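Structure first, commentary second.
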Amino acid sequence: MLSTPARWLLRAAAAGVLTFVYVPLLLVILNSFSTSRVFAWPPPGLTLHWWQVTATNDGVRAALLTSVEVALLATLVAVVLGTLASLALTRYEFFGRDAVSLLVVLPIALPGIVTGIALNTMFTQVLGGLTFFTLVAGHATFCIVIVVNNASARLRRMAGTLEEASMDLGATPWATWRHVTFPALRGAIVAGALLAFALSFDEIIVTTFTAGPGLQTLPLWIFQNLFRPNQLPVVNVAAAVLVVISVLPVYLANRLSGDSAGAATK
């Protein structure tokens with residue numbers, strides 16, 4: 001049991017960390033409604049004018065569409081490969097399994113700039129150049145890790161005897177997957193997909209090294225226009241959109257993980 005001073009100290013530390021992380025995000029969102037072209041506190045007034053300007057900005061709309069397309073395709077690749085990898089790593093014994101497991105999760109542990117340089121070298125020197133699909137492949141490398149971790153955690157909580165019983169009763173491996181494994185794994189896969197989408201949508205470091213000529217995602221557009229004074233109000237709106245679109249999948253994944261985990265243990 002913690003003493004009263006220790007509890008208050010922990011509460012103060014938690015409040016300080018949350019304030020440090022989330023107050024700047026709230027300021028960005030609030031500043032997107034400011035009537036001023038520059039940052040001013042408190043805002044001299046509130047308006048939707050900059051949101052209307054941003055909605056008609058071709059550069060922002062193209063970057064947003066590119067971000068969504070890349071995130072959706074990277075998430076699709078991650079779900080397929082990540083689910084297969086998690087099944088192999090948790091349900092089968094084979095030589096080098098621990099090494100393979102380490103290699104699967106390594107991309108998200110490495111600094112993004114290292115991954116970006118490595119992928120850029122491979123794509124430009126071996127595969128002939130950077131394109132839209134090299135960008136998708138670059139994002140998929142770290143999105144797979146999210147799906148693998150989610151799916152593997154759920155598979156470890158599942159009793160393997162359920163799948164064995166299904167096959168003992170005459171079910172084929174595909175029927176066992178469809179009627180036993182997948183229903184229990186579905187929530188973890190969807191949660192992993194939502195997290196992968198959020199991670200891909202707001203990624204910028206690997207994007208810088210793997211995007212083809214003329215391609216801009218929304219984070220890349222924000223970074224390239226951040227220090228242009230005339231674009232600052234539009235940048236604030238684009239950043240607010242980026243925050244909202246990134247937070248929603250994380251919130252849904254958190255709710256879905258909790259609900260599906262509770263259902264799986266019943």
Side-chain angles (χ1 to χ4, degrees), residues 25 63-90 100-116 118-119 123 131-158 177 181-212 215-222 241-261 264:
L25 298 180
L64 177 60
L65 180 61
T66 300
S67 288
V68 172
E69 291 174 344
V70 170
L72 287 175
L73 288 175
T75 299
L76 179 61
V77 173
V79 166
V80 174
L81 297 182
T83 302
L84 293 175
S86 64
L87 287 169
L89 293 172
T90 58
V100 172
S101 178
L102 175 62
L103 292 175
V104 168
V105 301
L106 194 58
I108 205 168
L110 290 173
I113 192 169
V114 174
T115 302
L119 291 173
F123 292 148
T131 65
F132 175 82
F133 294 103
T134 61
L135 179 56
V136 173
H139 282 216
T141 56
F142 52 81
C143 288
I144 289 174
V145 182
I146 305 298
V147 179
V148 168
N149 286 341
N150 269 39
S152 296
R154 181 60 50 81
L155 285 169
R156 291 189 185 99
R157 291 199 298 267
M158 289 173 53
W177 158 257
T181 309
F182 179 69
L185 196 58
R186 180 170 49 210
I189 293 175
V190 174
L194 289 170
L195 292 173
F197 178 89
L199 185 62
S200 173
F201 186 81
D202 63 11
E203 208 285 328
I204 186 172
I205 299 176
V206 173
T207 302
T208 303
F209 289 94
T210 57
L215 283 176
Q216 274 192 329
T217 61
L218 189 58
L220 198 56
W221 186 93
I222 291 173
V241 172
L242 183 66
V243 169
V244 172
I245 296 180
S246 299
V247 167
L248 282 177
V250 176
Y251 170 76
L252 293 174
N254 185 57
R255 291 294 302 271
L256 185 60
S257 295
D259 293 343
S260 57

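Just so you know, these numbers come straight off a predicted model, no measurement behind them. Just so it is clear, the values below take in all heavy atoms, side chains as well, and ignore hydrogens, waters and symmetry mates.
- Smallest separation of non-hydrogen atoms from A193 and V79: CB-CG2, 3.7 Å.
- Side-chain contact between F201 and L218 is present, with at least one heavy-atom pair separated by less than 4.5 Å.
- Atom CZ of R154 and atom CG of N149 lie 13.5 Å apart (nearest 0.5 Å).
- For the pair V100/L89, a side-chain contact is recorded, criterion being any heavy-atom separation below 4.5 Å from C-beta on.
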Practice problem: List the steps and the verdict of side chain to side chain contact (heavy atoms under 4.5 Å, CB included) for L194 and V250. | Solution: CA-CA 7 Å; L194 289 170; V250 176; over 6 Å; no
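- Here CG of L155 is found 5.0 Å from CG of L185. Values are rounded to the nearest 0.5 Å.
- The two residues F209 and G116 have their closest heavy-atom pair at CB-O, 3.3 Å.
- Rounding to the nearest 0.5 Å places OG1 of T217 at 12.0 Å from CG of L65.
- Contact detail for P107 and T115: the closest heavy-atom pair is O-OG1, 3.8 Å.
- Around CG of L110, the count of heavy atoms belonging to other residues, nucleotides or ligands within 6.0 Å exceeds 12.
- Scanning all heavy atoms of the two residues, the minimum distance from S200 to C143 falls at CB-SG, 3.8 Å.
- Closest approach of I108 to F142, counting heavy atoms only: CD1-O, 4.2 Å.
- Remark: side-chain polar atoms of T210 are not paired, donor with acceptor, to backbone N or O of G138 under 3.5 angstrom.
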Exercise. Report the C-alpha distance between F197 and I245 in whole Å, list the side-chain angles of each, state the deciding distance to 0.1 Å, and finish with yes or no for side chain to side chain contact (heavy atoms under 4.5 Å, CB included).
Key: CA-CA 10 Å; F197 178 89; I245 296 180; 4.3 Å; yes
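- Atom OG in S86 sits 11.0 Å away from atom CD1 in I144 (nearest 0.5 Å).
- Side-chain N/O atoms of T207 and H139 include a donor and acceptor closer than 3.5 Å.
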Exercise. For side chain to side chain contact (heavy atoms under 4.5 Å, CB included), just list the numbers for I204 and I222, CA-CA rounded to whole Å, side-chain angles, deciding distance to a tenth of an Å, and then say yes or no.
Key: CA-CA 10 Å; I204 186 172; I222 291 173; over 6 Å; no
Quiz item: Step by step, would you call T66 with W221 a side chain to side chain contact (heavy atoms under 4.5 Å, CB included)?
Solution: CA-CA 11 Å; T66 300; W221 186 93; over 6 Å; no
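- Annotation for L135 and V70: closest pair CD2-CG2, 3.6 Å, computed over non-hydrogen atoms.
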